[in-house]
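Everything numeric here is computed off the predicted structure, so don't read it as measured data. To find a chain, count down the sequence lines: A is the first, B the second, and so on, and within it residues start at 1.
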Amino acid sequence: MKYDPKQIEPKWQHYWQTNKTFAAVDDDARPKFYCLDMFPYPSGQGLHVGHPEGYTASDILSRYKRANGFNVLHPMGWDAFGLPAEQYAISTGTHPSITTQRNVDNFRRQIQALGFSYDWDREVNTTDAGYYRWTQWIFTQLYKKGLAYIAEVPVNWCPALGTVLANEEVIDGLSERGGHPVVRKPMRQWMLKITEYADRLETDLDELDWPEGVKHMQRNWIGRSFGAEVDFKLSAVDKPITVFTTRPDTLFGATYMVLAPEHPLVSEITTPAQADAVASYVNQAALKSDLERTELAKDKTGVFTGAYAINPVNGEEIPVWISDYVLSTYGTGAIMAVPGHDQRDWEFATKFNLPIIEVVAGGDVTVEAYTGDGALVNSGMISGLAVPEAKAKITAWLEGEGLGKGAVNYRLRDWLFSRQRYWGEPFPIIHAEDGEILLVDEAELPVTLPEVEAYKPSGTGESPLATISEWVNVTLPDGRRGRRETNTMPQWAGSCWYYLRYIDPHNTEQAWAPEKERYWMPVDLYIGGAEHAVLHLLYARFWHKVLFDLGFVHTKEPFKRLVNQGMILGEDGQKMAKSRGNVVNPDDIIEQFGADALRLYEMFMGPLEAVKPWQTKGVDGVRRFLDRAWRVFVDDKTGEPRVDDSAPSDEVTRALHKTIRKVGEDIEALRLNTAIAAMMELVNLLTKDKTCSRTILEPFAQLIAPFAPHFGEEVWSRLGHDATISHVPWPRYEEALCKDPMLTYAVQVNGKLRGQVELAADVDEATALAAAKADPNVARHLEGKTLRREIFVPKRMINLVVS
RNA sequence: GCGAGGGUGGCGGAAUUUGGUAGACGCACUGGAUUUAGGUUCCAGCGGUUUCGACCGUGGGGGUUCGAGUCCCCCCCCUCGUACCA
């Protein structure tokens, strides 16, 4: 009987499911291992081959850890709120929950067809009321802690989607979903104070075993910078302009100031002569989208307000301008401009003929701003100092004079947390008629989504929920009337804490039981796409830290180790896309080659983290490997297992032990491509050797089982075992049995390979050198030359240096 | 611009941790055997040049070393992220 995945794969999938083979045990003495995949958004398109890449890697590690005695938590669920289901509802009238259910069922079917070892009893779905009840509960905790507030903020309003988008969902001025234009519009929004955690989100990155690139991107996003706040008095108005600068050392070079057009002082300080020009500039800036403001950045624009400020270090009067190159949302919305040492200021000063003064030696400020280190010049008390010392000294001086202080600033802004959509978590908030904002009592949660007639956004900025008066209007226990919050939460909300719900998914009393959290957390390995490097991971870390502060979780950070799987490109080397016609559907590959072949192929393509192109021929290759491996275990004519109790050869024993060592090390490091290569080499040897020895075949079945689990189970049972292979202890290798008695030494003459000699592994130097010189080709190259030096590298090579 | 990662056969990739026979493993290809047949299996070959002794070869150039894909310096190219953050 030939290897036939169509027969064996469904059989074992059914076995695992009915026997709950992969159930994670909550109360257990074994060490735990929490292996998490980023849960998918169940789209209508179904799974693409990119999904199983990360899932297979985490599955291999999960199965390996189980075999090594760990109690493994390996769950899967659905991030199912979100725009596509709602868009579909708008166009077809189908309730998003129906679409969602259909897509989830399809995703689950596809994922199960790949034989992943998930504990399906822990499946979660962010759109279940039993789940989002606790998402709402976490929101109430945030609110009570003062971390959620309503603000009238200029937001990214997308007229086409009829909603507001987060900065992150806007790419080059267009909506991430759909690519529609986005404009700025002030609106009443829920915000989360992630900025309050900026410092810890930055600092705690240090202790995480995450890719450096991801940590770096988070650091950039948080954008912590150290500097000083400095007060500049105004000549005409009795109010200071406070600026933030990272270069207080260049204060003597500040030759003008710039306010953002939205800065509150603009109207106060503008002189009558300049009023018209300023007003028209401010108006213009307000109308521009963020895109336009940055697009036109190449050419700096601005207007003089007519006002002057006084440079606190030297008492000089400097003009105050407004310009949209200064952002109202960063720092204090005002800067001191040092054109000699800041390129943006230099460009502005050059355009508007403002003076440029050199205060740090080392460049030529008539050509460009000099931002490097150097000795301070023209700078009074700090002249002669280097930049770091000058910063420290001037900051201390400012503090002493009461003119400023050291300060830290962040690029990170508060998180815009509301959406004007139907298909999201309702806020547990009621606005009383007198304006008071009330939390829905925790016992009343969840606030469930009502049925609606139409899903279309009202277009006024309110969600479709606003149209359901019987849902919106409530009477409070004290008799007051109130309106429910009609915004819903963004898709990030549900994914911010799902890893905690897996720990205790059926708990109706609490989001999770504390003792279970203490056992299972933190996540030991988190695998997912690099597209979540900043947002999802930053938001989840933020919530986790809040929950930590409230005592609901016991670790500062949720995800100990993070790995990003690389994207799988189409066969043409392009990103897979329906429009290019290069999308590969896992269902088709399973149909043709089997799930084990697909798993194996995706791992064999290259390093997990790398971006790599799909080649269906390559699946053919690993399928041939499985065919060959099958014939190692089974006589494919008779279907009988070809196993006996004969003693294997030393060579085969050595090969097995080396393979056990290599596969184990490679799985731990997630070098799954080379682990598979090692098993291919073993199969090539076993095929040649025709080994039937049980002492070889059984450990080999265990090695391959995490990669090709259906295959592993099938040959294991054919070897005569009744129980699943999944909990059989991982085979051990003996170091002594990994050592070859004889090794091939390379012999070089002057660094060039001239021969090879077979020598005992523990050969002494003299014997090795003699053998090397005896090699005919080596001897030929030594002839007539003087031997200058002999280099002997044990177990590797010999180099003879002659002249 | 800035930041991160990367350039190795016809292709995907090994070896980069620790400087030590570059090209493991697989695909594609070539030849042979078995077979009624093969999108089967098995065996062999497979970086380039070659006077068959050797020479050249890991993006390019230099350096360190007995020895460099690996370490150091300069340059080129590609991918991803980011974009006036004071």
Side-chain angles (χ1 to χ4, degrees), chain A residues 2 172 211-217 219-225 227 243-247 250 258 260 293-294 296-298 300 323-327 329-338 341-345 347-348 409-413 530-531 533-534 564 566-567 573 600-601 604-607 609-625 627-628 631 636 669 671 673-684 687-688 744-756 777 780-781 788-802:
Chain A
K2 287 195 166 154
D172 294 336
E212 280 310 313
V214 175
K215 290 203 218 179
H216 196 262
M217 280 160 73
R219 287 205 174 93
N220 280 351
W221 196 263
I222 296 164
R224 180 165 70 182
S225 56
V243 301
F244 174 74
T245 176
T246 55
R247 294 296 303 276
T250 61
V258 187
R293 279 174 80 142
T294 50
L296 304 172
K298 281 129 209 161
K300 298 251 178 311
S323 170
D324 62 7
Y325 87 89
V326 172
L327 308 175
T329 46
Y330 182 79
T332 60
I335 62 158
M336 65 175 204
V338 184
H341 305 284
D342 181 291
Q343 190 57 29
R344 297 156 299 184
D345 297 344
E347 282 162 18
F348 191 86
N409 243 289
Y410 300 91
R411 206 191 79 124
L412 184 71
R413 316 277 159 80
E531 65 274 20
V534 177
N564 295 128
M567 206 192 333
L600 222 33
Y601 172 65
F604 188 63
M605 291 173 82
E609 301 85 347
V611 177
K612 34 205 183 282
W614 177 271
Q615 296 181 140
T616 300
K617 281 280 186 193
V619 191
D620 221 346
V622 293
R623 171 58 197 267
R624 280 205 282 270
F625 161 64
D627 287 334
R628 275 161 77 79
R631 290 193 299 269
D636 65 351
R671 289 187 302 252
N673 52 330
T674 51
I676 293 166
M679 290 189 286
M680 286 174 168
E681 287 187 82
L682 183 65
V683 164
N684 291 344
T687 301
K688 209 172 288 187
T744 306
Y745 278 70
V747 183
Q748 300 179 344
V749 177
N750 284 348
K752 287 192 193 301
L753 183 69
R754 297 302 179 191
Q756 297 182 334
N777 195 45
R780 204 167 53 79
H781 283 271
R788 296 289 178 196
R789 199 169 157 188
E790 298 168 320
I791 288 147
F792 172 71
V793 183
K795 293 187 176 22
R796 296 201 186 273
M797 51 80 70
I798 291 148
N799 190 9
L800 303 168
V801 184
V802 298

Are side-chain heavy atoms of Tyr330(A) and Phe244(A) found at a separation under 4.5 Å?
-> yes
Between CD of Gln756(A) and C1' of rU21(B) the distance, given in whole Å, is 6 Å
In whole angstroms, the gap separating P of rU82(B) from CG of Asn220(A) amounts to 10 Å
| message | Give me the distance, rounded to whole Å, that separates rG45(B) from rA24(B) when you measure between the P atoms they each carry. | response | 12 Å
By the Watson-Crick or G-U definition, both distances under 3.5 Å, rA4(B) is matched with rU79(B)
Just wondering, more than 12 heavy atoms not from Arg219(A) lying within 6.0 Å of its CZ? yes
Across every strand shown, the nucleotide meeting Watson-Crick or G-U wobble geometry with rG9(B) (both distances under 3.5 Å) is none
Re rG20(B): Watson-Crick or G-U wobble partner, both distances kept under 3.5 Å, found to be rC66(B)
- Query: At under 4.0 Å, does any side-chain N or O of Lys688(A) touch on OP1 or OP2 of rU41(B)?
  - Reply: no
For rA44(B), the nucleotide meeting Watson-Crick or G-U wobble distances (both under 3.5 Å) is rU30(B)
(request) Report yes if some heavy atom in the side chain of Phe604(A) is under 4.5 Å from a heavy atom in the side chain of Phe625(A); otherwise report no. (result) no
Query raised in the report: In terms of ring plane angle, is the pair Phe792(A) and Tyr745(A) parallel, tilted or perpendicular, where the classes change at 30° and 60°?
Result: parallel
The nucleotide from rG3(B), rA86(B), rC66(B) with an atom nearest the side chain of His216(A) is rG3(B)
Side-chain contact check for Arg624(A): nearest option of rC84(B), rC66(B), rA28(B) is rA28(B)
Considering only heavy side-chain atoms of Ile791(A), the closest of rG20(B), rC55(B), rC25(B) is rG20(B)
In whole angstroms, the gap separating C1' of rA22(B) from CZ of Arg796(A) amounts to 14 Å
Correct closest heavy-atom pair for Met217(A) and Ala533(A) would be CE-CB, 3.7 Å
Of rC27(B), rG13(B), rC66(B), the nucleotide closest to the side chain of Lys617(A) is rC27(B)
To the nearest angstrom, the CG-C1' distance between Asp342(A) and rC2(B) comes to 14 Å
Side-chain N or O of Asn777(A) less than 4.0 angstrom from OP1 or OP2 on rA54(B)?
yes
Among rA86(B), rC11(B), rG20(B), the one nearest any side-chain atom of Gln748(A) is rG20(B)
SB check Arg623(A) Asp627(A) (cutoff 4.0 Å): yes
Expected label for rG12(B) (glycosidic angle, syn inside 90° of 0, else anti) would be anti
Ranking rA83(B), rC25(B), rC66(B) by distance to the side chain of Phe604(A), first place goes to rC25(B)
Of rG26(B), rU21(B), rG13(B), the nucleotide closest to the side chain of Thr744(A) is rU21(B)
Rounded to whole Å, CE of Met679(A) lies from P of rC25(B) at a distance of 15 Å
May I ask you to evaluate whether Arg780(A) reaches the phosphate of rA54(B), defined as a side-chain N or O under 4.0 Å from OP1 or OP2? yes
Scanning all shown strands, the Watson-Crick or wobble mate of rG39(B) with both distances under 3.5 Å is none
From the candidates rA86(B), rC55(B), rC84(B), the one with an atom nearest any side-chain atom of Arg754(A) is rC55(B)
For rA14(B), the nucleotide meeting Watson-Crick or G-U wobble distances (both under 3.5 Å) is none
Quick note, Ile335(A) side chain, CB onward, closest among rC66(B), rA86(B), rA14(B) is rA86(B)
To the nearest angstrom, the CG-C1' distance between Asp627(A) and rG39(B) comes to 12 Å
Of the listed rG12(B), rC25(B), rU21(B), the closest approach to the Ala746(A) side chain comes from rU21(B)
